Every structure is written in structure tokens, then in C-alpha cells.
Amino acid sequence: MTQAPAKPHRVVIVGAGFGGLEAAFGLSGAPVEITLIDRRNHHLFQPLLYQVATASLATSEIAWPIRYLLRDRPDVTTLFANACGVDAAGKHVLIDDGDSIPFDTLILATGARHAYFGHDEWEPFAPGLKTLEDATTLRRRILVAFEHAERETDPEIRAALLTFVVIGAGPTGVEMAGTIADLANDTLPRDFRHIDTRKARVVLIEAGPRVLAGFPDDLSAYAQRSLQSLGIEVMLGEPVTECSADGVVYGGKRLEARTIVWAAGVQASRAAEWLNAPADRAQRLQVEPDLTVPGHPDIFAVGDTVTIKDSDGNPVPGIAPAAKQEGRYVAAQIKARLKGETLPPFRYKHAGSLAQIGKRLAVIDFGKFKLRGTIAWWIWGIAHIYFLIGLRNRLSVALSWMWIHARNQRAARLITQGSSKVDK
């Protein structure tokens, strides 16, 4: 009697971000059957999301359909669905429409969202920046503010419309503030007749003592001086205590502003809650050295979903290179297990930290090797273009940046998702 062929090992990946997609790529050629679940149909290059929000790039330049990226992988089934839980005992991923997907090995790469430190009621007034929808919402608010200022005759209301507040001075906040200043100072002045966009106020508010807290002191100080040279008001050591449709309160002072950007913190997905597993204050899973969830050797977690320390005892940063390294490691670990082998614990290799400050300014920290200024900006741009997917996107982004650099023009200044009314 002919024996039935063994069923392939079922790997389910929840999330098609950097970690999840890298795991799928890394499992190529393995005797596995992969199901990739994501609530969106595209993979997003988050490091350049702020450039969509500030009209520098179009959405299609930093996002790709997941099915397109995996079109040559018959071993991968992509599902457009929203995972809402995990039945660890029964080995099923639960879908919000009542369906469930069985697995032998599960990889959670569910990412994170912005956190408001107990003030979720601020979100309608101070949107964060994690998705394409967030970016286009912010782009709309920024551009509509200039449009309404053009028509406004009351000087106080006009001043509020031309005041842009960015909360949080990490890389996203610094990059966002710098690019809004570039937009107001270089791109828009010739487009308006009744306002001088160069008089717009960009205010960067940080509760901590310095900007870019993850960078060395000298690069942080340089970034602050560069921001101020662009006309950005940097407020340090003054946490925000209120956000509303009219503005913010920080350090006991009220600032009237119609556009607020939240870049102050993140919170992981509900993966830890799904598994009743240990997590830190940001709800990131505390994983084992091999990136498995404690008590669940067949469940891995990567990217912004997890917290783990590097060989020096420092937390692995929540950046794209870290997520990709974790995704590759998990794929290699699964391959090794199928062969009856195991790999050493995960070791993170830090390739460096980069942040753009303005159109021609950036800082780079490679450890012993540090760069700042225009040279750093060029390296920053080359690095980001390199990590984009596909030649068309690399060329498109490069041409967009060259045009901005040479002519101060941003072709993606499109107001979408609504009428001319001001968002509240």
C-alpha cells in the first residue's frame, strides 16, 4: 500500500512589515507551507512615511502590494484579513470574521501603533504616523491649513492656522518638523498671494532634555542647532498636558495651533494580550533569546511586537534593520528545526542610526564613526534608496529628491480624502 506523502510544515506569519516579509523571504526553499496574513494589502516602507505626510513622495513610491512581492512564491498564500487572537493550545490564528487559520509554527510580526500615554482622547487632534492613511491625513491637514490661512482675515486665527506643532523629538519628530519647515520656507512661498508661508511657525516639543535622545550628545546638539537654524522652535523638558482642536498646552503655556503631529511614543499590538504573555510598559512581548514567546516554543515574535536586549544589555531598537534581522533569524531557526538542529541565540548587529534634519542636513551614528551635515544627508538618501524594493521605486524616489533639491518643488501636494473644510 502506497504511503500518503507527509504534509508540509505549516508556517503562519501575521504581519507583512519588515520582520514578517523578511521571514517569508528567508523560508524560500524550505519544506513549508506559508500563510501570510495582513489587514492591509501592501508592505510599507515606514522610514519614509513622513515624506508622504509632507508632500515629498507619493504613496505608491513607498508601498508595494504584498501579492506582487510574493507572486513567484507558490508556497506562500497571502490573506487579506485582520487577525484578532491566537488559540495557542489549538494552534490556530483567529480572524475577526470568525474564521481561523491552523499553524504548526507561528510568527507574530504585528507591529505597533502610536501611544498617547493614557490620553487616547488626543488622537483626533494629534494624529500619529504609522500607516499610509495616517500620512495622507496629515498631508491633508498641513496643506489645508495653508489654504485656509490664505483666505483668513482674522490675524489671530491666521496665526493659529500657520502654527504647526510636532510632539516628540525622536527621529520621526525631527524629520517631520524639518520637512514642514522646508515646505513652508522653500516650496510654498511663490504659490500664495495673501500669506507669506515663510512666517509659519513650526514648534517641536519634547518632554525630555534633548532632541534625538538615542544619538550621542554631540549629534543631538548639532541636530538642535540645525533645527533652530531652519526657524523651528525647539521646546525641551516641557511635556504636553493637553491637546485639542485649538492647540496644545505644554509647560503650563497654551499654544494656539490648528495642526498637531504626534511623534512621542509607540505601543505594540495586542499580541502579548492574545497569549497572556509577559510584556513591557509599551505592551511589547518579552521573548526568549531565540525570539520565541515564553511557554510557546512554536510561536516566534519579531519587530516592534517584541522587546529584547542586545549583547551589551541594551534594548534592540525598534527600527527596520532590527526587524529584518529578526525575521531572517526566525526563518533560519525554523529551517534548522526541521532538520533536527538548533541555532545559537539571536544576536543583533547594529548598522547605525540615521536621521534627516532638513533638506540638506542629516546626522549619522555608526558608533565610532559619526557624520553630520550635507555629506550625512547624501549617505542617508543613498541608504534609504538602496533599501527600497524595485528599480522603479528607487529611480522614482531618487528623481523626486533631485527635483526637490534642485527646484524646491514637491509634486505630491495633493489634498485628498474630503472637501475644503478644516479637520477637527
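Being a predicted model, the structure only gives us computed values, none of them experimental.
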Given 3.5 Å as the limit, does a donor-acceptor pair link the side chain of Asn393 with the main chain of Ser60, or not?
yes
Quick check: are there more than 12 heavy atoms from other residues, nucleotides or ligands sitting under 6.0 Å from CG of Leu395?
yes
Work out which heavy atom in Thr305 is nearest to a heavy atom in Leu108; give both atom names and the distance.
OG1-O, 4.1 Å
Tell me, do Leu236 and Gln224 make a side-chain contact under 4.5 Å, heavy atoms counted?
yes
Shortest non-hydrogen separation from Ala272 to Leu285 and the atoms involved:
CA-CD2, 3.6 Å
More than 12 foreign heavy atoms under 6.0 Å from CG of Asn276: is that the case here?
no
Is it true that Lys370 and Asp218 make a salt bridge, defined as a side-chain N closer than 4.0 Å to a carboxylate O?
no
Decide yes or no on side-chain contact (heavy atoms from CB on, under 4.5 Å) for Ile66 and Asn41, but give the supporting numbers first.
CA-CA 6 Å; Ile66 299 167; Asn41 81 326; 5.6 Å; no
Quick one: are Gln51 and Ile62 in side-chain contact, heavy atoms under 4.5 Å?
no
Please verify the inter-ring angle class for Phe146 with Phe192; under 30° counts as parallel, over 60° as perpendicular, anything in between as tilted.
tilted
Measure the spacing between CG of Leu275 and CG of Leu106 and express it to the nearest 0.5 Å.
7.5 Å
Go through it in stages, so that I can follow the logic: the residues are Leu343 and Asp290, the test is side-chain contact (heavy atoms from CB on, under 4.5 Å), and I'd like the CA-CA distance, side-chain angles, deciding distance and then a yes or no.
CA-CA 8 Å; Leu343 296 179; Asp290 63 353; over 6 Å; no
Rounded to the nearest 0.5 angstrom, the OG1-CG distance for Thr35 and Asp75 is 10.0 Å
What I'd like to find out is whether the side chain of Leu388 reaches to under 4.5 Å of the side chain of Leu48, using heavy atoms alone.
yes
Quick one: does any side-chain atom of Thr292 pair with a main-chain N or O of Ile299 as donor and acceptor, under 3.5 Å?
no
Over 60° means perpendicular and under 30° means parallel, so tell me whether His384 and Trp380 are parallel, tilted or perpendicular.
tilted
Taking the side chain as C-beta and beyond, is there a heavy-atom pair between Pro127 and Arg141 under 4.5 Å?
yes
Asp298 vs Arg337, side-chain contact (heavy atoms from CB on, under 4.5 Å): CA-CA, chis, key distance, verdict
CA-CA 10 Å; Asp298 294 323; Arg337 286 185 178 186; 3.7 Å; yes
What pair of heavy atoms forms the shortest contact from Ala16 to Leu36, and how long is it?
CB-CD2, 4.1 Å
Count the heavy atoms of every other residue, nucleotide or ligand shown that sit under 6.0 Å from CZ of Arg39, and state whether that count exceeds 12.
no
Should Leu338 and Pro31 count as side-chain neighbours, where that means a heavy-atom distance under 4.5 Å?
yes
Asp38 bridged to Arg40 by N-O distance under 4.0 Å
no
Could you go step by step and tell me if Leu79 and Ile95 meet the side-chain contact (heavy atoms from CB on, under 4.5 Å) rule?
CA-CA 11 Å; Leu79 298 182; Ile95 307 301; over 6 Å; no
A side-chain contact here means heavy atoms from C-beta on lying under 4.5 Å apart; do Thr105 and Phe300 qualify?
yes
I want to check something: taking the side chain as every heavy atom from C-beta on, are Tyr250 and Val240 in contact at a cut-off of under 4.5 Å?
yes
Hey, does the side chain of Arg71 reach the backbone of Tyr68 with a donor-acceptor pair shorter than 3.5 angstrom?
yes
Taking Thr179 for the side chain and Glu175 for the main chain, is one N or O donor matched with an acceptor at less than 3.5 Å?
yes
Distance-minimising heavy-atom pair for Ala109 and Gly19
CB-C, 4.4 Å
Which atoms form the tightest heavy-atom contact between Val266 and Ala112, and what is the distance?
CB-CB, 4.4 Å
Is a donor on one side and an acceptor on the other found under 3.5 Å between the side chain of Gln283 and the backbone of Ala268?
no
Could you measure the distance from the CZ atom of Arg258 to the CG atom of Leu162? Nearest 0.5 Å is fine.
11.0 Å
With under 30° as parallel and over 60° as perpendicular, where do the rings of Phe366 and Phe369 fit, or are they tilted in between?
parallel
Are any side-chain N or O atoms of Tyr116 and backbone N or O atoms of Ala126, one a donor and one an acceptor, separated by less than 3.5 Å?
yes
Arg139 side chain to Thr416 backbone, donor-acceptor under 3.5 Å:
no
Do Tyr329 and Gln325 meet the criterion of a side-chain donor-acceptor pair at a distance under 3.5 Å?
no
Rounded distance (nearest 0.5 Å) linking atom OH of Tyr348 with atom CG of Asn314
11.0 Å
Would you find a donor on one side and an acceptor on the other, under 3.5 Å apart, between the side chain of Asp104 and the backbone of Arg10?
yes
What's the shortest heavy-atom distance between Val293 and Ala277, and which atoms?
CG1-CB, 3.8 Å
Is it true that a side-chain atom of Trp262 and a backbone atom of Ile167 form a donor plus acceptor pair closer than 3.5 Å?
no
Any side-chain heavy atom of Leu57 within less than 4.5 Å of one from Trp401?
yes
Under 3.5 Å side-chain donor-acceptor pair for Asp134 and Thr137
no
With a 3.5 Å distance limit and no angle check, can you tell me whether Ser396 reaches the backbone of Arg392 through a side-chain donor-acceptor pair?
no
Rounded distance (nearest 0.5 Å) linking atom CG of Leu132 with atom CZ of Phe45
13.0 Å
So how far is it from Thr187 OG1 to Ile180 CD1, rounded to the nearest 0.5 Å?
12.5 Å
